[in-house]
Structures are given as C-alpha cells and as structure tokens.
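One structure below.
We use all heavy atoms of the structure for the numbers below, so side chains are in, but hydrogens, waters and symmetry mates are not. In what follows, chains are A, B, ... by sequence order, proteins preceding strands, each numbered from 1.
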There are 2 protein chains.
Amino acid sequence: MLDDTLTAIADPTRRAILARLATGEARVTDVARPFPISLNSVSKHIRMLERAGLVVRRVEGREHFLALDPRPLDEAAQWIDQQRRLWSRTLNELEKVLNDA
Amino acid sequence: MLDDTLTAIADPTRRAILARLATGEARVTDVARPFPISLNSVSKHIRMLERAGLVVRRVEGREHFLALDPRPLDEAAQWIDQQRRLWSRTLNELEKVLNDA
DNA sequence: AACATATTCACCTCTTGGGGTGAATATCAG
DNA sequence: CTGATATTCACCCCAAGAGGTGAATATGTT
C-alpha cells in the first residue's frame, strides 16, 4: 500500500488533483477542467489515486463525486519521519563525502 | 525535485537500500549483496537515488562509498504534512462518501 | 423517442522503470 | 605484466505509466 501511495503522489498532475479536492468534493469533469490533458487521462489518474486509497468516489446518477481520504498519507509520513530520525546519526558521514567532492 | 524524491522512495528495493545505508556508509557491492537481483540493477537503483539527491557518492580508488543525504526528504515530508492539514477540513465529506458506499 | 451530459472502456503510441547479460574500464595485488 | 575485484556501459526484454482518440454505457432532459 505504501508503494501505491508514494507512486500516486509522485506525479505532479495527481498532486494537483489532490490539491483541487482539498478545496472540497468535486466531480470528475470539474477536476479535469483546469488540466490541458484529456478527460480520459484525468480519469486514469483518479483511478490510480483510488487504488492508493487517497480518493473515494460516491456515484450519484451519472455524476461521480470525489473526496479525499488522508489516511494513506499517515503511513507515508511515518516512513519518512522514521528515516529522517535514523539518518541523522549518519550526518557526519555525509559531510565527509561532501567535503571530498 | 519532489518528483524524483517521491519516485525514488516509492520502490521497495530502493527503500531497502536507504534503510541499509542508514546503518552506515557502504560500497555498491555491500549494498547489493543482500538483494536477489543483479549488481547491475542495484547500481541503477543507486543512480536513481543519487538523482533524487538522497544518496551521495565518494569514490576512493575502485570503491564507491555511498552515504545518505536526508535533506530531500524534508521537502517530501513538508508536502505530506501540509496536505494532511488541508485535508482535515474535508473529513465530513469523506464520511458522507463512506456512508453511501 | 431523441438528444445531451458524464464517465468509462478499448485500443494505440511513446517513454520509463526494473530486470537481465556481457563487455569495458579502472584499480589493486602478485 | 597478469589476474582479480569494483563498478559502470551498452545492449536486450517486458511491464507499466502517461498521453491520445473514438466508441460504449448510463443517466438526465425535452
């Protein structure tokens, strides 16, 4: 799941979609409008965000409303913070390498 | 840069390499040893980690010593934390969607 | 029924990631 | 010089991401 989450947020278009949804629920078409790419491409990005669990969908008639689920981000933030703590021990090694270069 | 960082840490092999380097400096061969894949593949993963700025290299004779640079993680952590704060406003919308499903 | 809207499905292309192998390069040890 | 070690380079293959177009499906409107 971490893999899917990190892959999902690694793409700038998908990060922009998430930022848009942070302003509130929106339909697929609404999400797609600002982008210079086709509706279809946006639909595929949304599917990847759903696979990562970052976006949930509520179907109402022919309209699909999208909302954010922040929970998968917790795992990602946890991994990053843990690594940052572990790596601080090795900063002297980093400096050795940087000085050499 | 954020793209490269997130792409780099989205792969489990690369996360394992980073975890290995968190225990201290190591040569390419040392890093590669535990993995069931070829030395060449590990070398390519390391190149991606270098492109993301997460790993720096110090060449000493024929040996290449690798060390971590945690700084790119700061930007990633910052983006995630910011989004988590922004998204908390929309949690009621999420519940609406979840209840519907 | 007829038409428009919202979204996806099915296919195509191009690029990139992840894996492999074998050769090249550079360095170290006899 | 010879041989072993460390790493990369130059290819190959396959899967997946990112983009496109056109058709299909489902729903709403008149």
Side-chain angles (χ1 to χ4, degrees), chain A residues 1-21 24-67 72 76 97 100-101, chain B residues 1-21 24-67 72 76 97 100-101:
Chain A
M1 209 63 193
L2 224 198
D3 296 42
D4 286 343
T5 301
L6 290 170
T7 301
I9 65 176
D11 181 84
T13 298
R14 284 191 290 268
R15 285 201 303 278
I17 291 174
L18 295 174
R20 164 66 179 84
L21 291 176
E25 242 191 2
R27 298 175 308 155
V28 174
T29 309
D30 299 330
V31 169
R33 188 165 303 119
F35 293 97
I37 61 179
S38 74
L39 175 66
N40 205 333
S41 290
V42 174
S43 177
K44 289 177 194 171
H45 282 300
I46 292 170
R47 206 183 317 134
M48 290 190 68
L49 291 169
E50 283 184 287
R51 187 173 66 182
L54 290 163
V55 161
V56 286
R57 179 189 305 247
R58 170 174 54 96
V59 179
E60 206 168 281
R62 60 184 169 178
E63 295 168 307
H64 296 210
F65 289 93
L66 307 170
V97 174
D100 188 87
Chain B
M1 210 61 194
L2 225 198
D3 295 43
D4 286 343
T5 302
L6 290 170
T7 302
I9 65 176
D11 181 84
T13 298
R14 285 191 290 269
R15 285 201 303 278
I17 290 174
L18 294 174
R20 165 66 180 84
L21 290 177
E25 241 191 3
R27 299 175 307 155
V28 173
T29 309
D30 298 330
V31 169
R33 187 166 303 118
F35 293 98
I37 62 180
S38 73
L39 173 66
N40 206 331
S41 290
V42 174
S43 178
K44 290 178 194 173
H45 282 301
I46 292 170
R47 206 182 318 135
M48 292 189 68
L49 291 169
E50 284 184 287
R51 189 173 64 180
L54 290 162
V55 162
V56 285
R57 180 190 304 249
R58 170 174 54 96
V59 178
E60 206 167 281
R62 59 181 170 178
E63 295 168 306
H64 296 210
F65 290 93
L66 307 171
V97 174
D100 188 88

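- A search for side chain to side chain contact (heavy atoms under 4.5 Å, CB included) contacts involving B:Asp3 returns A:Pro12, A:Arg15, not counting sequence neighbours.
- Here the closest non-hydrogen pair linking B:Thr5 and B:Pro72 is OG1-CB, 3.7 Å.
- Atom C1' of nucleotide D:dG17 and atom CG of A:Leu6 are separated by 16 Å, given to the nearest angstrom.
- Of all heavy-atom pairs spanning A:Thr29 and A:Leu39, the tightest one is CA-CD1, 4.1 Å.
- Nucleotide D:dA6 holds its P atom 16 Å from the CZ atom of B:Arg58, rounded to whole Å.
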- Message: Generate the contact string for nucleotides 25-30 of chain D. Rules: B means base contact, S means sugar-phosphate contact only, - means no protein heavy atom under 4.0 Å.
- Response: --BS--

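- Near-neighbour residues of DNA chain C inside residues 30-40 of chain A, defined by a heavy atom below 4.0 Å, number-ordered: A:Leu39, A:Asn40.
- The nearest pair of heavy atoms linking A:Val59 to A:Gly61 is CG1-O, 3.5 Å.
- Taking a 4.0 Å limit (strictly below) on heavy-atom distances, residues 43-52 of chain B reaches DNA chain C at B:Lys44, B:His45, B:Met48, B:Arg51.
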Without placing hydrogens or testing angles, list every side-chain donor-acceptor pair under 3.5 Å for residues 45-54 of chain A, not counting sequence neighbours.
residue : atom : partner : partner atom : Å
A:His45 : ND1  : A:Arg14 : NH1          : 3.0
A:Glu50 : OE1  : A:Arg57 : NE           : 3.3
A:Glu50 : OE1  : A:Arg57 : NH2          : 2.5
A:Glu50 : OE2  : A:Arg57 : NE           : 3.0

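- Partners of B:Arg27 according to the side-chain hydrogen bond (donor to acceptor under 3.5 Å, both in side chains) rule, which considers only residues two or more places apart in sequence or in another chain, are B:Asp30, B:Glu63.
- Listed by chain and number, the residues in a side-chain hydrogen bond (donor to acceptor under 3.5 Å, both in side chains) with B:Ser41 are B:Ser38 (sequence neighbours excluded).
- Across residues 7-14 of chain B, not one residue has a non-hydrogen atom less than 4.0 Å from an atom of DNA chain D.
- Closest heavy-atom contact between A:Leu6 and B:Ile9: CD1-O, 3.2 Å.
- In terms of phosphate contacts, B:Ser41 brings no side-chain nitrogen or oxygen within less than 4.0 Å of OP1 or OP2 of C:dG18.
- Across the protein-nucleic acid pair, A:Ile17 atom CD1 and D:dA18 atom P stand 10 Å apart, rounded to whole Å.
- The side-chain hydrogen bond (donor to acceptor under 3.5 Å, both in side chains) test applied to B:Thr13 returns no partner, not counting sequence neighbours.
- Here D:dA18 presents its P atom at 10 Å from CG of B:Asp3, a figure rounded to the nearest Å.
- As a whole-Å value, the separation of A:Glu63 CD from C:dT5 P is 13 Å.
- Nearest heavy atom pair, residue A:Ala76 against residue A:Leu2, reads CA-CD2, 3.8 Å.
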